[in-house]
Amino acid sequence: MLDIKLIRENPQFVRSNLSKRNSPDCLKMLDELILLDKDWRANNTKLNGLRHERKQVTVEIAKLKKACQNADIQFRKATEVDQKITHAEKRVVEQEAQIKNYLLTLPNLLEDSVPVGKDSSENITVKKWGTIPQFSFQPKNHIDLAIPLNQIDMERAGKITGSRFFYLKNDVAMLDMALMHFALEELQNRDYTPIVPPYMMKRGAYEGVTSLGDFAEVLYRIQGEDLYMIATSEHPLGAMYWNEVLKLDEMPIKMAGISTCFRKEAGAHGKDTRGIFRTHQFNKIEQFIFCKPEDSSKLHEELLANAELLYQKLGLAYRVVNVCTGDIGTIAAKKYDIEAWMPAQDDYREVVSCSNCTDYQARRLGVRYRAKEGAPPIGPVHTLNSTAIATGRTIVAIIENYQNEDGTITIPQVLRKYMGNREKITKKR
RNA sequence: GCCGGGAUGGCAGAGUGGUUAACGCGCGGGCCUUGAGAGCCCGUGGACCUUCCGGUCCGCAUGGGUUCGAAUCCCAUUCCCGGCGCCA
């Protein structure tokens with residue numbers, strides 16, 4: 001959510017920033033919001049005047065009653081003003097709801113270093129790491145490797161839940177846990193607090209951490225309850241301090257979220273349908289930070305560096321892209337993606353998304369900070385989030401990058417200690 | 001799930017139908033002081049208007065209701081505490 005005061009005081013600045021997003025709707029909304037806000041303020045002032053009038057009458061009645069005098073005239077006046085108030089209130093409440101809706105829909109302001117572009121094809125590669133593996137044979141995709149080894153069962157998952165679900169079995173089931181354990185240990189060594197959050201959230205909390213469009217497209221709702229399954233632990237971690245005021249000396253708060261993620265993938269029909277690359281359910285370790293505004297740029301780089309180091313330790317080649325204005329999404333002011341090399345696709349694919357949400361998410365959530373106990377709040381904090389490891393896609397990368405000609409898969413060195421010190425994934429009964 | 005108790009500013013905690021959320025702590029500013037502290041004075045939730053002097057409204061968990069008037073009475077919901085029940 002943007003600061004309505006900034007919109008009032010400096011509409012040109014907001015307008016020129018939002019125009020980089022290549023979305024005429026968004027500029028139209030901004031113009032409508034500015035007019036609506038002006039009208040609301042006028043109506044609100046009028047309403048306050050009426051309420052004042054109403055209070056005066058109440059005071060008169062109290063006086064007359066005390067003096068045992070007749071107050072019929074005042075009662076009549078009260079009823080009259082009440083009607084006007086009811087009318088004015090209705091309009092003001094409606095306008096407030098509309099304004100809130102505009103504010104929840106308008107996207108974040110972008111940082112200057114975000115490249116201008118129309119879609120993901122115009123993201124800028126800022127770094128490449130590692131060597132793309134060369135195979136002396138035709139490399140297979142993760143499914144054609146894992147199924148003969150009896151490590152993944154897609155068919156039976158389809159039978160009980162439909163497409164985009166899976167059973168992980170044997171070594172790959174262990175690999176899933178090993179990746180979680182590995183990422184968690186690395187982050188704990190950097191003072192990130194491990195947290196298992198709730199896997200469901202109320203709508204009100206959810207509106208604070210995500211954009212309204214996500215409710216239909218990605219979130220599973222629990223029938224008959226005001227609860228949504230989390231799409232990432234970013235959401236319950238972000239909502240953790242909902243409507244709270246943090247103290248300066250307790251920031252930055254660095255957390256490592258541990259959770260399964262649930263996504264409808266409603267807008268992804270036909271994309272990545274084979275295997276476990278894009279699924280309705282996967283495990284993920286997520287990094288999340290609450291910090292002072294002046295620290296967020298620096299910490300954004302830290303989150304990226306943490307994620308990069310994990311992929312370096314896993315020995316997976318990747319590139320880092322600076323996501324452009326047309327692809328960045330509603331809440332981020334700047335976003336990096338890490339894309340790992342996927343041999344079967346002969347391309348880099350997204351495995352990490354690392355965002356600086358500046359004050360946008362925090363303002364929606366009402367998370368502010370104060371200098372010390374007793375001092376008044378200074379303003380909204382900044383929030384940042386980044387994948388550490390999402391197991392599904394990382395498993396795909398490992399299986400494909402570490403495949404051997406005989407169809408077995410070498411286990412990356414750093415994961416062996418979590419997998420009984422075995423070196424290879426082989427066929428299981 | 002049942003019975004009982006509760007939710008008031010950053011914190012602690014009064015107010016239990018009549019305009020004003022007491023007192024305190026904390027925090028900010030001022031006076032005093034070589035300085036610090038103590039002491040004293042003023043201020044300290046949010047929104048809106050403003051000619052910058054000030055003015056108005058909202059705010060006592062949330063949403064309704066009763067009343068000329070609600071932190072206070074009634075109903076529903078959420079959460080917390082205690083007791084009972086159920087449960088991996």
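Protein chains get the first letters and strands the later ones, always in sequence-line order, with residue 1 at the start of each. Keep in mind that what you see is a predicted model, and the values were worked out from it rather than measured.
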Contact class for Ala62(A) vs. all strands (heavy atom < 4.0 Å): base, sugar-phosphate, or nothing?
-> base
On a whole-Å scale, what distance lies between the C1' atoms belonging to G43(B) and A61(B)?
-> 28 Å
For Ala42(A) and for Lys372(A), find the nucleotide of RNA chain B with the closest heavy atom, then tell me which residue's nucleotide is more 5'.
-> Lys372(A)
Pairwise P distance for G37(B) and G28(B), with rounding to whole Å = 11 Å
Shortest side-chain distance from Thr45(A), nucleotide among C68(B), C48(B), C57(B) | C48(B)
Give a yes/no on whether any side-chain N or O of Lys202(A) is located under 4.0 angstrom from OP1 or OP2 of U62(B).
-> no
Would you mind telling me which residue lines up with the more 5' stretch of RNA chain B, Gly49(A) or Lys63(A), judged by nearest nucleotide?
-> Lys63(A)
Minimum-distance nucleotide (side-chain atoms of Val59(A) versus U19(B), C49(B), G10(B)) = U19(B)
cation_pi(Arg393(A), Phe277(A)) dist<6.0 Å, angle<=45 = yes
Lys/Arg cation over aromatic Phe215(A): Arg203(A), 6.0 Å, 45° cone = yes
Complement of C53(B), any strand, by Watson-Crick or G-U distances under 3.5 angstrom | none
In whole angstroms, the gap separating P of A47(B) from CG of Asp37(A) amounts to 13 Å
Can you find a side chain N or O atom of Arg54(A) that sits less than 4.0 Å from OP1 or OP2 on C57(B)?
-> no
Val245(A) near the nucleic acid: base, sugar-phosphate alone, or nothing, with a heavy-atom cut-off under 4.0 Å?
-> nothing
Glu244(A) CD to G9(B) P, straight-line distance once rounded to whole Å | 14 Å
For C2(B), the Watson-Crick or wobble counterpart (both distances under 3.5 Å) | G83(B)
Atom C1', compared across G6(B) and C60(B): separation rounded to whole Å = 14 Å
Side-chain N or O of Lys46(A) closer than 4.0 Å to phosphate OP1/OP2 of U56(B) = no
For the pair made of CG in Asn243(A) and C1' in A7(B), what is the distance, rounded to whole Å?
-> 16 Å
Whole-angstrom distance between C68(B) and A12(B), as gauged at atom P = 38 Å
Under a 3.5 Å limit for both distances, which nucleotide forms a Watson-Crick or G-U wobble pair with A7(B), could you say?
-> U78(B)
When you check the phosphate oxygens OP1 and OP2 of C49(B), does a side-chain N or O of Arg41(A) lie under 4.0 Å from one of them?
-> yes
Euclidean distance, atom NE2 of residue His52(A) to atom C1' of U19(B) [Å, nearest integer] = 11 Å
Would you kindly give the CZ-to-C1' distance between Arg51(A) and C49(B), to the nearest whole Å?
-> 15 Å
Watson-Crick or G-U wobble mate for G37(B), both contacts under 3.5 Å | none
OP1, OP2 of C48(B) versus side-chain N and O of Arg8(A): anything below 4.0 Å?
-> yes
For Lys247(A), answer base if it contacts any base atom (sugar-phosphate contacts may also be present), sugar-phosphate if it contacts only those atoms, and nothing otherwise; contact means non-hydrogen atoms under 4.0 Å.
-> nothing
Between Lys5(A) and A47(B), is there a side-chain N or O to OP1/OP2 distance below 4.0 Å?
-> yes
P spacing across the pair A21(B) / G59(B), given as an integer number of angstrom | 12 Å
Mind calculating the distance between CZ (Arg370(A)) and C1' (G46(B)) to the nearest angstrom?
-> 14 Å
Separation of the P atoms in C57(B) and C2(B), to the nearest angstrom = 43 Å
Using the side chain to side chain contact (heavy atoms under 4.5 Å, CB included) rule, pick out the option among Gln281(A), Arg221(A), Met200(A) that qualifies with Met229(A).
-> Met200(A)
Can the ring centres of His300(A) and Tyr336(A) be said to be less than 6.0 Å apart?
-> yes
Contact class for Thr58(A) vs. all strands (heavy atom < 4.0 Å): base, sugar-phosphate, or nothing?
-> base
Whole-Å distance, Glu89(A) CD to C48(B) C1', equals 15 Å
Run through Thr210(A), Asn108(A), Thr383(A) and flag the one making a side-chain hydrogen bond (donor to acceptor under 3.5 Å, both in side chains) with Gln361(A).
-> Thr383(A)
Between the side chains of Glu250(A) and Tyr369(A), is a donor N or O closer than 3.5 angstrom to an acceptor N or O?
-> no
Can you tell me the pairing partner of C32(B) across any strand shown, Watson-Crick or G-U wobble, with both distances under 3.5 angstrom?
-> none
Do Leu36(A) and Gln95(A) come within less than 4.5 Å of each other through their side chains, counting heavy atoms only?
-> yes
Quantified in whole Å, what is the P atom distance between nucleotide U16(B) and nucleotide U72(B)?
-> 12 Å
Rounded interatomic separation in angstrom, taking CD1 from Ile99(A) and P from A47(B) | 14 Å
Student check: side-chain heavy atoms of Ile395(A) and Phe282(A) closer than 4.5 Å | no
Distance between the C1' atoms of A71(B) and U19(B), in whole angstroms?
-> 15 Å
Ignoring the backbone of Phe75(A), work out which of C68(B), C27(B), U20(B) is nearest its side chain.
-> C68(B)
